[in-house]
Student: 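Before anything else, here's the structure in question.
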There are 2 protein chains.
Amino acid sequence: MIDEKTAREDVVRAADELFYARGVQAVGMDAVRTAAGVSLKRIYSLFASKDELIVAVLRHRTQVWDSGLATASEPATTARERILAIFDFLDAWFREPDFRGCAFINTHGELGASSTAVADAVREQKRTFGEYVARLVADAGAPAALAPQLAILAEGAQTTAAIAGTPEAAHHARAAAETLLDAATGPRR
Amino acid sequence: MIDEKTAREDVVRAADELFYARGVQAVGMDAVRTAAGVSLKRIYSLFASKDELIVAVLRHRTQVWDSGLATASEPATTARERILAIFDFLDAWFREPDFRGCAFINTHGELGASSTAVADAVREQKRTFGEYVARLVADAGAPAALAPQLAILAEGAQTTAAIAGTPEAAHHARAAAETLLDAATGPRR
DNA sequence: TTGCGCGGAGAACGTTCGTTCTCTACTGTA
DNA sequence: TACAGTAGAGAACGAACGTTCTCCGCGCAA
């Protein structure tokens, strides 16, 4: 038998892919079982309920998102460049063929009203992202009020791209972010 | 027996409230029946399936949104004021006690992957809103590229407010819109 | 009054789903 | 070889849901 840590990872990864592609409620635990190659009995010994698995999947997504963002901003040397790298990261994501919007927003729309654990996990991820942006804004020497504006742009780009099914929202959001940065720090600085 | 038009309206209005408050999939047709006071048999003579009812609800929401926006922008005399009125409208909406985010975004997250009819209805509403913003931007004498940026701000404010559970995203988005308007048309014009 | 058609209430049906249970096979040990 | 413990496969269970069907009562024509 594979060890507990690996089994957990297999289940979370399989559930993540299925949940993201079809929506959480449209995926049964049987489908997770089949995709992960882990018996139902085992899954329920690792997670007390589907709700708990959903939260684990969201936490996993948070890690993937954070590390993806970190990688995308590595080449940047200034805070301004790191801020704009967020939108380049979004652009690359939107172009992936299986892009279906922000999993956190989608899951919140599905279960935010009925499961506070899910709502909390989603809120936590958005809060973390907001703090990341706030740090970059401070590094750029811009007023703190700029940070939530940039976060809202990123958020809006994700839902717009998801619904329209096209990636150009990333470009529009990036252009708006540049204008806001220029206005806040003085152009071309 | 009440006439067909009234029965339809009763069902759509009841379903709208339930779907918005709890999510579409969490509401059974029995709950719609009880809330609307219309028998299941009648409901299924008015709508071929739950999917069709969902689409009707989304169309109804579109009308409510459009007329609400029109009312909110009535006092405005310039295109710039009408644009900013969008964010005041959002602010008032976010403060309503039963605000739970944009119904179109929520429903898209729930069913966009499995029902193309739902995805189309959502896309249609976002397209209409985008055109409304584009008209205002043209009236304001600003470059067309500003319109999608403002639309993304409005979109992002809605999801941010829904997830955070607080209304301040409307204020942030409005401030960003002002900055973008100033940059596009020259300040204080 | 009698018969008829229509609509409402909700029972019934078939399916799906989350969760648990049963049975079987296998591993390691003496 | 005999046995105890464990895990996998999937059957089973109870609930919920979308949809259809049955039964009953009412209004109306003759």
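Naming: A, B, ... by sequence-line order, numbering from 1 per chain. We use all heavy atoms of the structure for the numbers below, so side chains are in, but hydrogens, waters and symmetry mates are not.
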Student: Centre-to-centre under 6.0 Å for A:Trp65 and A:Phe129, is that the case here?
Tutor: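 Yes, they do, as the ring centres are separated by less than 6.0 Å.
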
Student: Let me know the distance between CG of A:Leu53 and C1' of C:dG18, rounded to the nearest Å.
Tutor: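 In whole Å, C:dG18 C1' lies 12 Å from A:Leu53 CG.
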
Student: How many whole angstroms separate atom CE of A:Met29 from atom C1' of C:dC17?
Tutor: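 Interatomic distance, CE of A:Met29 to C1' of C:dC17: 10 Å.
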
Student: Closest approach to the side chain of B:Leu40, judged atom by atom: which nucleotide of C:dA11, D:dG8, C:dT19 is it?
Tutor: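 Among C:dA11, D:dG8, C:dT19, the one nearest the side chain of B:Leu40 is C:dA11.
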
Student: Closest-nucleotide mapping onto DNA chain D: is B:Lys41 or B:Lys50 further toward the 5' terminus? I mean the 5' end.
Tutor: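 It is B:Lys50, whose closest nucleotide lies nearer the 5' terminus.
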
Student: Quick one: do A:Asp91 and A:Arg95 make a salt bridge, cutoff under 4.0 Å?
Tutor: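 Here A:Asp91 pairs with A:Arg95 in a salt bridge, since their nearest N and O are under 4.0 Å apart.
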
Student: What is the separation between atom CG on A:Asp30 and atom P on D:dG8, rounded to the nearest whole Å?
Tutor: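 Going from CG in A:Asp30 over to P in D:dG8 covers 15 Å.
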
Student: For B:Asp182 and B:Arg80, what are the C-alpha separation, side-chain angles and deciding distance, and is it a side chain to side chain contact (heavy atoms under 4.5 Å, CB included)?
Tutor: CA-CA 10 Å; B:Asp182 289 345; B:Arg80 181 195 169 97; 2.9 Å; yes

Student: Would you classify B:Val27 as touching base, sugar-phosphate or nothing, given that sugar-phosphate means primed atoms plus P, OP1 and OP2, and contacts are heavy atoms under 4.0 Å?
Tutor: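 Result for B:Val27 = sugar-phosphate.
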
Student: Separation of A:Gln25 atom CD from D:dG18 atom C1', in whole Å?
Tutor: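 From A:Gln25 CD to D:dG18 C1': 15 Å.
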
Student: Using whole Å, what does the distance between atom C1' of nucleotide D:dA7 and atom CZ of A:Arg33 come to?
Tutor: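 Taking CZ of A:Arg33 and C1' of D:dA7, I get 13 Å after rounding.
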
Student: Is any N or O donor-acceptor pair between the side chain of B:Arg42 and the base of C:dG8 shorter than 3.5 Å?
Tutor: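 For B:Arg42, whose side chain was compared with the base of C:dG8, there is no donor-acceptor pair (under 3.5 Å).
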
Student: If I take atom CD1 in residue A:Ile43 and atom P in nucleotide C:dC17, what distance separates them, rounded to the nearest angstrom?
Tutor: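 After rounding, the gap between these two atoms is 15 Å.
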
Student: Looking at B:Asp120 and B:Arg127, is there a salt bridge between them, counting it only when a charged N and a carboxylate O are closer than 4.0 Å?
Tutor: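 Between B:Asp120 and B:Arg127 there is no salt bridge, as every charged N stays at least 4.0 Å from the carboxylate O atoms.
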
Student: What is the distance from CG of B:Leu18 to P of D:dC17, rounded to the nearest Å?
Tutor: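 Nearest whole value for this atom pair: 12 Å.
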
Student: Could you tell me how far apart B:Leu46 (CG) and C:dG7 (P) are, to the nearest whole angstrom?
Tutor: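 Whole-Å distance recorded here is 11 Å.
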
